[in-house]
Amino acid sequence: MLDKIGIAKRIAREVRDGMYINLGIGIPTLVANYIPSSINVVLQSENGLLGIGPFPTEAEVDPDLINAGKQTITMMPGSALFSSAESFAMIRSGKVDLTILGAMEVSEQGDIANWKVPGKMVKGMGGAMDLVASAKHIIVAMQHCSKEGASKLLPSCTLPITGLRCVKRIVSDMAVVDILPGGGFKLLERAPGVTVDDIKKATAGKLIVEGEIPEMTL
Amino acid sequence: MINKVVADADEAVRDIPDQAVLMLGGFGLCGIPENAIAALLRKGVKGLTCISNNAGVDDFGIGLMLKTRQVKKMISSYVGENAEFERQLLSGELEVELIPQGTLAERVRAGGAGIPAFFTPAGVGTEVAAGKETRDFDGKIYLMERWLRADFSLVKAWKGDTAGNLIYRGTARNFNPMMAAAGKVTIAEVEELVPVGQLDPNHIHTPGIYVHRIFQGRGYEKRIEQRTTRKS
């Protein structure tokens with residue numbers, strides 16, 4: 001099984017040179033720490049920045065510079081600042097190459113639910129619905145099962161939907177799976193110490209297993 | 001040049017009535033009109049509809065106006081940092097409309113650009129789409145969304161001149177430029193107010209035509225929600 005850092009490290013291996021990337025809050029934010037320095041990417045913050053840099057030192061803290069999680073940040077050389085309208089214009093028009101975000105549920109059709117749990121506090125969708133509706137490539141970072149052991153990879157989502165048929169790949173604490181264009185979770189890799197049987201038991205949606213499934217490398 | 005300067009926040013918000021529809025710039029607590037919010041608290045105006053990406057925190061930003069029960073309705077994309085907000089929402093005291101952030105930004109932009117409606121893919125197949133027209137363009141389904149406009153827009157900029165031209169700083173720009181354009185009356189507060197001719201026209205983000213009143217703000221707290229630092 002992978003911990004949060006492990007999931008972030010595995011997702012970092014999906015990153016290619018020259019990509020513009022939007023990272024969601026939580027595990028996706030950690031991905032930035034594990035992108036090799038030989039790879040040049042630009043991180044987009046939907047509140048109006050291309051070129052997110054590392055967290056500031058205490059002396060560098062600037063209240064006018066935050067990321068979408070409201071954390072203080074710095075800017076990389078070559079950054080650009082813009083309005084929220086322009087930020088979502090570049091998202092909607094498909095200029096952002098990769099979106100990495102968390103999920104509470106994903107269906108075997110690629111539907112994602114990550115914004116609302118009815119009856120509990122409703123915080124709002126933020127930019128998630130815009131991102132999933134328009135991103136060219138979406139990778140979801142998530143736990144395979146709930147704390148109670150219920151699968152989060154389902155035939156169809158039970159929670160309110162964030163977007164339909166949009167998730168392409170999932171990196172969970174147990175596995176890497178792709179969502180096939182015709183539906184179904186295709187198993188690509190196992191997490192260290194996890195068997196194909198473990199993944200079958202933890203996946204309520206249709207799991208497709210073909211040939212030997214390698215253990216992932218981080 | 002037309003002079004749009006008013007003395008202070010109290011004068012700027014003097015004629016905002018009960019039941020007004022307001023836009024307030026900012027993302028989280030970054031780039032919010034701190035002085036105008038404080039003046040609205042002093043004025044005690046009630047029944048407000050506030051269009052703002054977030055609703056502040058319990059003791060800062062719009063959260064202060066929630067505490068005094070001055071807000072009737074919030075139109076936002078994310079409101080997760082505010083316990084008083086949660087209490088009022090669950091008790092039914094506060095009406096809330098949640099909108100995808102990009103749709104919110106574009107609805108405000110459309111309001112300031114004279115475009116009554118547009119189509120976006122965000123929210124298709126979700127509860128956001130309920131009751132809205134959808135249409136197929138080139139094989140993809142889109143949702144029709146309407147413009148948003150306000151009686152008063154309250155924006156915050158870094159620098160401004162007496163003609164109302166504005167320059168924002170960092171990610172404090174966010175919703176401010178679109179909201180400046182979408183207000184019937186737009187009130188801008190700035191950290192530094194300068195005479196006309198002092199700002200380079202090449203660097204203006206919001207042209208003064210959108211701004212009706214401008215004042216130099218005082219005592220900016222610029223509170224940080226998530227102070228996150230590295231060692232060295």
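Lettering follows sequence order; numbering is per chain, from 1.
Counting heavy-atom pairs closer than 4.5 Å to chain B, the top-ranked of the candidates A/Ala128, A/Gly124, A/Ser84, A/Ala85 is A/Ser84. Ranked by heavy-atom pairs under 4.5 Å with chain B, the list A/Leu49, A/Leu65, A/Ile73, A/Ile66 is led by A/Ile66. The greatest number of non-hydrogen atom pairs below 4.5 Å with chain A, out of B/Val108, B/Asn174, B/Ile224, is found for B/Asn174. Highest contact tally toward chain A, considering only B/Arg230, B/His205, B/Lys231, is held by B/Arg230 [criterion: heavy-atom pairs under 4.5 Å].
At a 4.5 Å heavy-atom cutoff, the contact between B/Ile99 and chain A is made by backbone atoms alone. Contacts between B/Glu191 and chain A at a heavy-atom distance below 4.5 Å involve the side chain alone, from C-beta outward. Interface remark: B/Asn54 contributes side-chain atoms only to the contact with chain A (heavy atom separation under 4.5 Å). In this structure, the portions of A/Ala68 lying under 4.5 Å from any heavy atom of chain B include both its backbone and its side chain. Looking at B/Arg109, the atoms closer than 4.5 Å to chain A (heavy atoms on both sides) all sit in the side chain, from C-beta outward.
The number of heavy atoms from other shown groups lying within 6.0 Å of NZ (A/Lys186) is above 12. Atom NZ of A/Lys9 is surrounded by 12 or fewer heavy atoms from other residues, nucleotides or ligands within 6.0 Å. A/Lys136 NZ: more than 12 foreign heavy atoms inside a 6.0 Å radius. The local environment of CD1 in B/Ile209 is sparse, with at most 12 non-hydrogen atoms from other residues, nucleotides or ligands closer than 6.0 Å.
At least one side-chain heavy atom of B/Pro121 sits less than 4.5 Å from a side-chain heavy atom of A/Arg92.
The stretch residues 177-187 of chain B places B/Pro177, B/Met178 near chain A, each with some heavy atom under 4.5 Å from a heavy atom of that chain. Of all residues spanning residues 124-138 of chain B, those with a heavy atom less than 4.5 Å away from chain A's heavy atoms are B/Val124, B/Gly125, B/Thr126, B/Glu127, B/Val128, arranged by number.
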